[in-house]
Amino acid sequence: DCGDDSSLNFATTDSFSMSFWMNVTTIGHYSILGKYDNLTNYGYDMWLDNEYKTVKIHLRSTGSHEIKIWAETDKIIAGKWYHIVGTYDGTATQKGVNFYIDTIRNTTTLFTTDNLEVDDTIQSSAKFLIGKGRDDSPSNQFSGRLSDVRVYDIKLTAHDIRAIYYSSFDNPIDNYRMSNYLENYMVAHYPLDQTEGSLAIDVSNNRNHGRLTNMTSTDWVVGLIRN
């Protein structure tokens, strides 16, 4: 539970990107991360889809205006690490959303009518959640491991994504881009590389630490990033 920080409350016309590593225990209909109000139907989030065995991104303004898109090319297999990036360019269109899985741009498929308008709002008072369903249902909570969760207030390029991917293995291909350019646009970064504690530490300049629920220090497990 990362709270309702304004830096994560993007507008329909804002560009933003979400990046993370995941390793699912079983394929199911799970919430991965996002800021979505289940009562008002405003917000954005990313899910693992059980039927299509892939990831999807959802941007919604009320019950009738939304974009819901899934990555079509790569199917998710349980027990394997994947680097997932979803980007949005602020145009309120399907073409404005891209998925990258392990640095490869995926073909996307529109799940619902592409009818989000630029004058709609996706902003909400919901909290930004990681690994937890928007409606608090246990069946929607992520099953598996998450690592190196990042949010940027720009649409990441393919080069940006490759830089983030390889930096995860301490093998950066572009130190300047990681240390200077991308740092300027990072609004949240949760490495999730701790081994104890009740907070998910945000190492971005915003220091918007997340509060862990139903978890103690003994529940920490080895992730992909450094721990």
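A quick note: this is a predicted structure, and the numbers were derived from the prediction, not measured. Count residues from 1 along the sequence.
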task = Please round to the nearest 0.5 Å and tell me the distance separating atom OH of Y36 and atom CD1 of I122.
result = 11.0 Å

ask   = With clusters built from Ile, Leu, Val, Met, Phe, Trp and Tyr whose side-chain heavy atoms come within less than 4.5 Å, directly or transitively, what are the remaining members of the cluster of I104, listed by chain and number?
value = none

ask   = Same hydrophobic cluster for Y42 and L8, using side-chain heavy-atom links shorter than 4.5 Å among ILVMFWY?
value = no

request  = Check for a donor-acceptor pair, side chain of S17 on one end and backbone N or O of T87 on the other, with a separation under 3.5 Å.
outcome  = no

remark   = So OG1 of T103 and CZ of R162: to nearest 0.5 Å the spacing works out to 6.5 Å

inquiry  = Quick check for you: to the nearest 0.5 Å, what is the distance between I84 atom CD1 and L146 atom CG?
reply    = 10.5 Å

message = Between Y30 and N50, does the side-chain hydrogen bond (donor to acceptor under 3.5 Å, both in side chains) criterion hold? Intermediate values first, please.
response = CA-CA 8 Å; Y30 303 136; N50 183 49; over 6 Å; no

ask   = Can you name the side-chain hydrogen bond (donor to acceptor under 3.5 Å, both in side chains) partners of T213, sequence neighbours left out?
value = none

query = What pairs with H83 under ring pair (Phe, Tyr, Trp, His ring centres under 6.0 Å), at least two apart in sequence or on another chain?
reply = W21, Y165

task = Using the test side-chain hydrogen bond (donor to acceptor under 3.5 Å, both in side chains), find all partners of D120 that sit at least two apart in sequence or belong to another chain.
result = H65

query = Between the main-chain N or O of N208 and the side-chain N or O of N206, is there a donor-acceptor pair closer than 3.5 Å?
reply = no

message = Within the structure provided, determine whether L33 and M18 are in side-chain contact (heavy-atom separation under 4.5 Å).
response = yes

request  = Verify side chain to side chain contact (heavy atoms under 4.5 Å, CB included) between R211 and H209, making sure each step is shown before the conclusion.
outcome  = CA-CA 7 Å; R211 179 176 54 86; H209 306 315; over 6 Å; no

task = Write down the atom of T25, the atom of G144, and the distance for their closest heavy-atom approach.
result = OG1-CA, 3.3 Å

task = Check ring pair (Phe, Tyr, Trp, His ring centres under 6.0 Å) between Y52 and all other residues, then give those that pass, not counting sequence neighbours.
result = W70

query = So do the side chains of L48 and M22 get within less than 4.5 Å of each other, counting heavy atoms only?
reply = yes

key: Test log, rule side chain to side chain contact (heavy atoms under 4.5 Å, CB included), inputs I77 and V24   = CA-CA 8 Å; I77 300 170; V24 301; over 6 Å; no

inquiry  = Counting C-beta onward and ignoring hydrogens, is there a side-chain heavy-atom pair between I76 and Y82 closer than 4.5 Å?
reply    = yes

ask   = Does a salt bridge link D148 with R150, judged by any charged N lying under 4.0 Å from a carboxylate O?
value = yes

ask   = With respect to F128, which candidate in D45, D5, V151 satisfies the side chain to side chain contact (heavy atoms under 4.5 Å, CB included) definition?
value = V151

query = Is any side-chain heavy atom of T54 less than 4.5 Å from a side-chain heavy atom of F99?
reply = no

task = Taking K56 for its side chain and D49 for its backbone only, find out whether a donor-acceptor pair lies under 3.5 Å.
result = no

inquiry  = Between D4 and K35, is the salt bridge (Lys or Arg N to Asp or Glu O under 4.0 Å) condition met? List the steps.
reply    = CA-CA 8 Å; D4 178 24; K35 191 176 187 299; 2.9 Å; yes

request  = Go through the structure and list residues passing side-chain hydrogen bond (donor to acceptor under 3.5 Å, both in side chains) with N23, not counting sequence neighbours.
outcome  = none

From I67 atom CD1 to K95 atom NZ, the distance as rounded to the nearest 0.5 Å = 12.5 Å

task = Walk me through it: do K127 and D1 pass the test salt bridge (Lys or Arg N to Asp or Glu O under 4.0 Å)?
result = CA-CA 7 Å; K127 297 176 180 179; D1 182 340; 3.3 Å; yes

ask   = Under the salt bridge (Lys or Arg N to Asp or Glu O under 4.0 Å) test, which residues partner K155, sequence neighbours left out?
value = none

ask   = Is the shortest heavy-atom distance from the side chain of Y190 to the side chain of S147 under 4.5 Å?
value = no

request  = Report yes or no: does S15 contribute a side-chain atom to a donor-acceptor pair with the main-chain N or O of I154 at less than 3.5 Å?
outcome  = no

query = Listed by chain and number, what are the salt bridge (Lys or Arg N to Asp or Glu O under 4.0 Å) partners of D202, not counting sequence neighbours?
reply = none

ask   = Is there a side-chain contact between N98 and R105, using heavy atoms and a 4.5 Å cut-off?
value = yes

message = Just verifying a value: how many Å separate I101 CD1 and I161 CD1, rounded to the nearest 0.5 Å?
response = 11.5 Å

key: V203: hydrophobic cluster co-members (side-chain, 4.5 Å)   = L199, I201

ask   = Taking the six-membered ring for Trp, is the centroid-to-centroid distance between H58 and W47 below 6.0 Å?
value = no

inquiry  = Any non-hydrogen side-chain atom of T12 less than 4.5 Å from a side-chain atom of L59?
reply    = no

task = Tell me, please, which residues at least two apart from D153 pass salt bridge (Lys or Arg N to Asp or Glu O under 4.0 Å).
result = none

request  = First locate atom CE of M186, then atom OG of S7, and finally report the distance between them rounded to the nearest 0.5 Å.
outcome  = 12.0 Å

message = Counting C-beta onward and ignoring hydrogens, is there a side-chain heavy-atom pair between C2 and I130 closer than 4.5 Å?
response = yes

message = Please enumerate all residues that pass ring pair (Phe, Tyr, Trp, His ring centres under 6.0 Å) together with F16, with sequence neighbours excluded.
response = F10, Y44, Y88

ask   = Any side-chain donor-acceptor pair under 3.5 Å between S6 and N9?
value = no

D14: side-chain hydrogen bond (donor to acceptor under 3.5 Å, both in side chains) partners, not counting sequence neighbours = none

